[in-house]
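For reference, the structure discussed in these notes is given below.
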Protein chains: 2
Amino acid sequence: MSKPVVDPTVSLDLGVDRSSPVPLYFQLSQQLEAAIERGALTPGSLLGNEIELAGRLGLSRPTVRQAIQSLVDKGLLVRRRGVGTQVVHSKVRRPLELSSLYDDLEAAGQRPATTVLVNTLVPAGAEAAAALGVAEGSDVHRVERLRFAHGEPIAYLCNFLPTGLLDLDTAQLEATGLYRLMRAAGVTLHSARQSIGARAATAAEAERLGEPEGAPLLTMERTTFDDTGRAVEFGAHTYRPARYSFDFQLLVRS
Amino acid sequence: MSKPVVDPTVSLDLGVDRSSPVPLYFQLSQQLEAAIERGALTPGSLLGNEIELAGRLGLSRPTVRQAIQSLVDKGLLVRRRGVGTQVVHSKVRRPLELSSLYDDLEAAGQRPATTVLVNTLVPAGAEAAAALGVAEGSDVHRVERLRFAHGEPIAYLCNFLPTGLLDLDTAQLEATGLYRLMRAAGVTLHSARQSIGARAATAAEAERLGEPEGAPLLTMERTTFDDTGRAVEFGAHTYRPARYSFDFQLLVRS
DNA sequence: TCAATGCGTATGTCCGGACAATCGAACCAG
DNA sequence: CTGGTTCGATTGTCCGGACATACGCATTGA
């Protein structure tokens, strides 16, 4: 009896374009991911061994391994020595990434809108100065925004940014998200430190978000760093818990 | 003028043990990580080119690249073509992983304690059945626990587990965390889907955690999967926000 | 003075091969 | 029937080399 091994070459039309500037391993990993996504590779099915796959595609084994490994890192595949590589069952689709609330809402089909409440230079307070790594009292940008979805207020966003990084245009801030502006300004985001908590709304917070005073609020503080280690943003956000929660998937680091 | 490039071979005593069963690339990456951790490799410093490093250590370039790549994936290093590999400035230390509250508290120096309130088999409700992928009404384990730190209640944990996976001993549940028990039973955790939110405490919730009714609570729901895609745990937790928040770092996927 | 060009250097991609470690199943012995 | 052993299959690790590509800097030219 032969095992129910999928033959990727015939069942899905795999094949690489050597004239393309896109790396071969990336072409392959994208095709495999697409095949998984559309169900051509069913969960639990084996992927056929690497050497044979490499031979069929006219690639070397390291290239095929690199493609497979990238999908393993994404959590879509699992490798087992002596067994093979198989598609993970289900549900791992969007591992946690450094996300922008604006992009999240847009991807969810909500139509995000932003009102800029404050956009000025202020002397850095103790907390913002410590987070951004600048001297207390030195100038930093302060941006306060209200984020809406379907006309309902979702979150109040208060952010601090160091000067000289990008010019914060109020119109642009209302048209898109902060992260998109930073990327467009050539800032390469690298990592962030986040803290998610909850507390009761103060009178001012409650009024901004249209909640009663003392209502529970979901809070998030975040400091974002670029790849040189510079802090490029510090934000303290409050969310209406009935309208927003932090949903994500995460993988076990191995 | 020579550039201020660190010479890893002399300044840090790098060297691999070929008789060890530990993979060479792993030995190297661990040594590099340790060097970064203790400050021997200062943030921003270059790491010297791969080929030379490989030659000095008596390794091949792919092996050295594999070691470096693993640290890049961890966010400790950044590579730039034509420039070199440099140590990231600070602060990226513990990227988000699938964590156990028990382990988190223990690592933070708090002394966690657990009281098991409920540990029985119950017919699965709609929510638990959907999360675990079992038929509604079929038997599942139900575990309710109170988690303390320094004698103060921190969280109320309600978990559902499929039967036949492991035997849930109340004494063991009070001595350690659920994840540790599952790992000990041979379950290989793979991924989880989480949702973090907030809401006002009901009378029962408030009483359990020693909070006033209506107090804001931090909530987390999580479904955990093993590497075959089976759901192995579903939990609904509530935390006292004054005592606990979700802190983590995350990297930009590239 | 300033912009365009060229060059060195480092990482990015890819190849082909070799051996080791591990898993699962078939096989054999008690 | 049961338990241990052997063996094939598959991934894990490692090597040595080759060429492509992008960045930074110095040089050159307008």
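This structure is a prediction, so every number in the text was calculated from the model and none was measured. Below, all heavy atoms of this structure are taken into account, side chains as well, without hydrogens, waters or symmetry copies. Throughout, protein chains are lettered first and strands after them, A, B, ... in sequence-line order, and every chain is numbered starting at 1.
- The distance from atom CD of B:E52 to atom P of C:dA10 is 8 Å, rounded to the nearest whole Å.
- You'll find the side chain of A:R142 stays beyond 4.5 Å of the side chain of A:L121, heavy atoms only.
- One distance of note links CZ of B:F234 with CG of B:N159; it measures 9.0 Å at 0.5 Å rounding.
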Hey, mind stepping through B:Q86 and B:R79 against side-chain hydrogen bond (donor to acceptor under 3.5 Å, both in side chains) and telling me if it holds? CA-CA 6 Å; B:Q86 48 184 242; B:R79 324 175 82 145; over 6 Å; no
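- Remark: B:R79 is not in phosphate contact with C:dA10, judged by side-chain N or O atoms under 4.0 Å from OP1 or OP2.
- Put simply, CD on B:E50 is 9 Å from C1' on C:dG12, counting in whole angstrom units.
- The aromatic rings of B:F248 and A:F248 lie tilted to each other, with the angle between the two planes from 30° to 60°.
- Counting to the nearest Å, the P atom of C:dG24 and the CG atom of A:L46 are 12 Å from each other.
- Rounded to a whole Å, the CD1 atom of B:I51 is 12 Å from the P atom of C:dG12.
- Atom CG of B:N49 is separated from atom P of C:dG8 by 16 Å (rounded to the nearest Å).
- Around atom CZ of B:F26, no more than 12 heavy atoms belonging to other residues, nucleotides or ligands sit under 6.0 Å away.
- In this structure, the CD1 atom of B:I68 is 10 Å from the C1' atom of C:dT11, given to the nearest Å.
- At a threshold of 4.5 Å between non-hydrogen side-chain atoms, the residues A:L165 and A:V232 count as touching.
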Sequence-aligned protein contact record of nucleotides 13-20 of chain D, with B where the base is within under 4.0 Å of a protein heavy atom and S where only the sugar-phosphate is: BSBB-B--
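- Nearer the 5' end of DNA chain D, as judged by each residue's closest nucleotide, is the contact made by A:T85, out of A:T85 and A:P21.
- With rounding to whole Å, A:L28 atom CG is found 14 Å from C:dT13 atom C1'.
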